[in-house]
Amino acid sequence: MILTEVLKNIKPLQLIGSDEIEITGINIDSRKIENGHLFVAIKGTQVDGHKFIPKAIELGAKAILCEDIPDEKVEGVTYIQVESTDDAVGKAATMFYGDPSKKLKLVGVTGTNGKTTIATLLYNMFRKFGYKAGLLSTVCNYIDDEPVPADHTTPDPIELNELLSRMVAAGCEYAFMECSSHAIHQKRIGGLKFAGGLFTNLTRDHLDYHKTFENYRDAKKAFFDGLSKDAFAITNADDKNGMVMVQNTKATVKTYSTRQMADFRAKLLECHFEGMYLEIDNREVGVQFIGKFNVSNLLAVYGAAVMLGKKPEDILVALSTLKSVNGRLEPIHSPEGYTAVVDYAHTPDALENVLNAIHEVLNGSGHVITVCGAGGNRDKGKRPLMAQEAVKQSDKVIITSDNPRFEEPQDIINDMEAGLNAQQMKKVLTIVDRKEAIRTACMLAQKGDVILVAGKGHENYQEIKGVKHHFDDHEVLKEIFAGQE
């Protein structure tokens, strides 16, 4: 593609060299540059890409998109200076890959909790309807039925557009994606056209990056601010920030609620570990999920499908056949008569939601043992809050390792325990080794009890000192249960 086409939606501050050269690829990682590529120098949170301009040119870059033009310029290389490469890279990638988001109906899901569940269920539902569809999520990306491993909740703008272009080439008519606050703030979704957006909820998370809750909220809101007038915006009226999200959007606004008047409404009728009976817009439906928060998630899925033109009765039939997402409130039954629940809950609010869901099913008839930890090198402020939430709703809590990353596991555990008083600590055991923590919970559990293993969900690794070691909560539980038979 000719460079002038790649730069079609970008207004350079200055351009040195020719914009009529052929561009064969685009990248923000200098190590991946090949002959004829455009290298985009991003001033990242860890490393400034401008330092790697010489390396990119050495590897064959023929054009450089940057904020600061280097003092030493190489003949035959075009330099494009822009005010913000964060802003420009998405626009450049969109054009290079043929503006793929305009060729399918792309729906984004943002919020603290529920993004993976909602995006995945929409993807599964529309494939059940007979459409080819794509998914961009924390767990895995899919180009129709082809899995593509996911390293981030939202890929960088170049990888994102490349994936979307592959979806278009595969005949996908729809794509559903999680939009994290990092991705919105870093403009990784810049240049994309969304058919619609959904807001789930907003609670404390990622303050290590955003610094304040207001910054975190505003990052989410920016997604809805950017929707066009022909898009839809579906927001959770039960969340106090629900209407804040859509107050400046041009999109058609719809609301959903389990507690008040809204465009889409649902009510929980019955709840068991095998599923729930719901009333959605005055129609009853049985679903294979548990927890009031999942009522909201399913309602958001229902609303999005309605806005995408599907008939309510067809949507409800599809909802009744859908299953829980891997590692999201996933029950595994022990031969000894207790149940273990694996869940990704890694924020105080998510932990509260999952424990509430467990109590809704137990209805006072069994004990709850919670195994949880907190991630290293992340928001330390949520650690004591998570411990408090676990103790408040559990009969016994085992605090253990999650992904310690570059921190000492015991230091993380100490931060969690700092939120507990002497009385609360009587409920708490500390076992640094996660496998032993899960094993101990199983030894303590009696028939009718529930063990919540929280924090990792779908993850099949533990990250320790920068190395990912294989570890899967499901596998550990099944190994323990196999010894009980």
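We count residues from 1, following the sequence as given.
A salt bridge links D99 and K102; the closest N-O separation between the charged side-chain nitrogens and carboxylate oxygens is under 4.0 Å. With respect to R127 and D144, a salt bridge is recorded, a charged nitrogen being found less than 4.0 Å from a carboxylate O. Taking a cutoff of 4.0 Å between a charged side-chain nitrogen and a carboxylate oxygen, K392 and E389 qualify as a salt bridge. The residues D473 and R434 are annotated as salt-bridged, a charged nitrogen and a carboxylate oxygen being separated by less than 4.0 angstrom. In this structure, E146 pairs ionically with R166, as a charged nitrogen and a carboxylate oxygen lie closer than 4.0 Å. No salt bridge links E214 with K220; every basic N to acidic carboxylate O contact stays at or beyond 4.0 Å.
Within the 3.5 Å criterion, the main-chain N or O of V432 finds a donor-acceptor partner in the side chain of S401. A donor-acceptor distance shorter than 3.5 angstrom exists from the side chain of S324 to the backbone of R328, with no hydrogens or angles considered. The closest donor-acceptor contact from the side chain of D402 to the backbone of G375 lies at 3.5 Å or more, if one exists at all. In this structure, the side chain of T117 does not engage the main chain of G114 through any donor-acceptor pair within 3.5 Å. No donor-acceptor pair closer than 3.5 Å links the side chain of K187 to the backbone N or O of I184. The main-chain N or O of V368 is found under 3.5 Å from a side-chain atom of D395 such that the two form a donor-acceptor pair. Between the side chain of Q424 and the main chain of N421, a donor-acceptor pair closer than 3.5 Å is present. A distance-only check finds a donor-acceptor pair linking the side chain of T110 to the backbone of C179 [under 3.5 Å]. Looking at S257, its side chain never comes within 3.5 Å of a backbone N or O of D238 through a donor-acceptor pair. Counting only distance, with no hydrogens or angles, the side chain of T347 and the backbone of A350 share a donor-acceptor pair below 3.5 Å.
Note that the OG1 atom of T249 and the CG atom of L227 stand 4.5 Å from one another [nearest 0.5 Å]. With values rounded to the nearest 0.5 angstrom, L104 atom CG is found 9.5 Å from E173 atom CD.
F232 is listed as a side-chain neighbour of L308, based on a closest heavy-atom distance under 4.5 Å. A 4.5 Å side-chain heavy-atom check between L429 and T440 finds at least one atom pair inside the cut-off. Side-chain contact between P157 and K91: absent, with no pair of heavy atoms (C-beta onward) separated by less than 4.5 Å. Looking at heavy atoms from C-beta onward, I358 lies in side-chain contact with L452 at the 4.5 angstrom threshold.
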For V450 and Y338, run side chain to side chain contact (heavy atoms under 4.5 Å, CB included): C-alpha distance rounded to whole Å, both residues' side-chain angles, the deciding distance at 0.1 Å, then the answer.
CA-CA 6 Å; V450 175; Y338 60 84; over 6 Å; no

Checking K323 against E274 for the salt bridge (charged side-chain N to carboxylate O under 4.0 Å, His left out) test, could you report, in this order, the C-alpha distance in whole Å, the side-chain angles of both residues, the deciding distance, and whether it holds?
CA-CA 10 Å; K323 297 184 184 299; E274 288 68 37; over 6 Å; no

Let's go through M125 and V301 carefully: what are the C-alpha distance in whole Å and the side-chain angles of both, what is the deciding distance for side chain to side chain contact (heavy atoms under 4.5 Å, CB included) to 0.1 Å, and is it a yes or a no?
CA-CA 9 Å; M125 176 182 283; V301 170; 3.8 Å; yes

For S296 and Y256, run side chain to side chain contact (heavy atoms under 4.5 Å, CB included): C-alpha distance rounded to whole Å, both residues' side-chain angles, the deciding distance at 0.1 Å, then the answer.
CA-CA 8 Å; S296 291; Y256 66 96; 4.2 Å; yes

Given the rule in the side chain to side chain contact (heavy atoms under 4.5 Å, CB included) test, do M425 and E417 qualify, once you have shown the distances and angles that lead to the verdict?
CA-CA 8 Å; M425 282 297 295; E417 291 182 339; 3.7 Å; yes

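For S334, the side chain to side chain donor-acceptor pair (under 3.5 Å) test picks out Q484, with sequence neighbours left out. Under the salt bridge (charged side-chain N to carboxylate O under 4.0 Å, His left out) criterion, R265 pairs with no residue at all, not counting sequence neighbours. For K193, the side chain to side chain donor-acceptor pair (under 3.5 Å) partners at least two apart in sequence or on another chain are D230.
Annotation: K292, atom NZ; neighbour count of heavy atoms from other residues, nucleotides and ligands within 6.0 Å does not exceed 12. The environment of H474 atom NE2 is dense: over 12 non-hydrogen atoms of other residues, nucleotides or ligands sit within 6.0 angstrom. Residue-environment remark: CD (E313) exceeds the threshold of 12 foreign heavy atoms within 6.0 Å. Summarising the local packing, NZ of K435 is surrounded by 12 or fewer heavy atoms from other residues, nucleotides or ligands at distances under 6.0 Å.
In this model, no donor atom of one side chain and acceptor atom of the other lie less than 3.5 Å apart for N201 and D349. Side-chain N/O atoms of E475 and H470 include a donor and acceptor closer than 3.5 Å.
Pairing each heavy atom of L122 with each of A305, the nearest pair is CD2-N, 4.3 Å.
Below 30°, between 30° and 60°, or above 60°: for F176 and Y174 the angle between ring planes is below 30°, a parallel geometry. Between H458 and Y344, the ring planes are tilted. Angles from 30° to 60° get that label.
Stacking of K128 on the aromatic ring of Y123 is not recorded, the 6.0 Å distance cut-off and the 45° axial limit not both being met.
Of the candidates K456, K468, E463, K456 is the only one forming a side chain to side chain donor-acceptor pair (under 3.5 Å) with N403.
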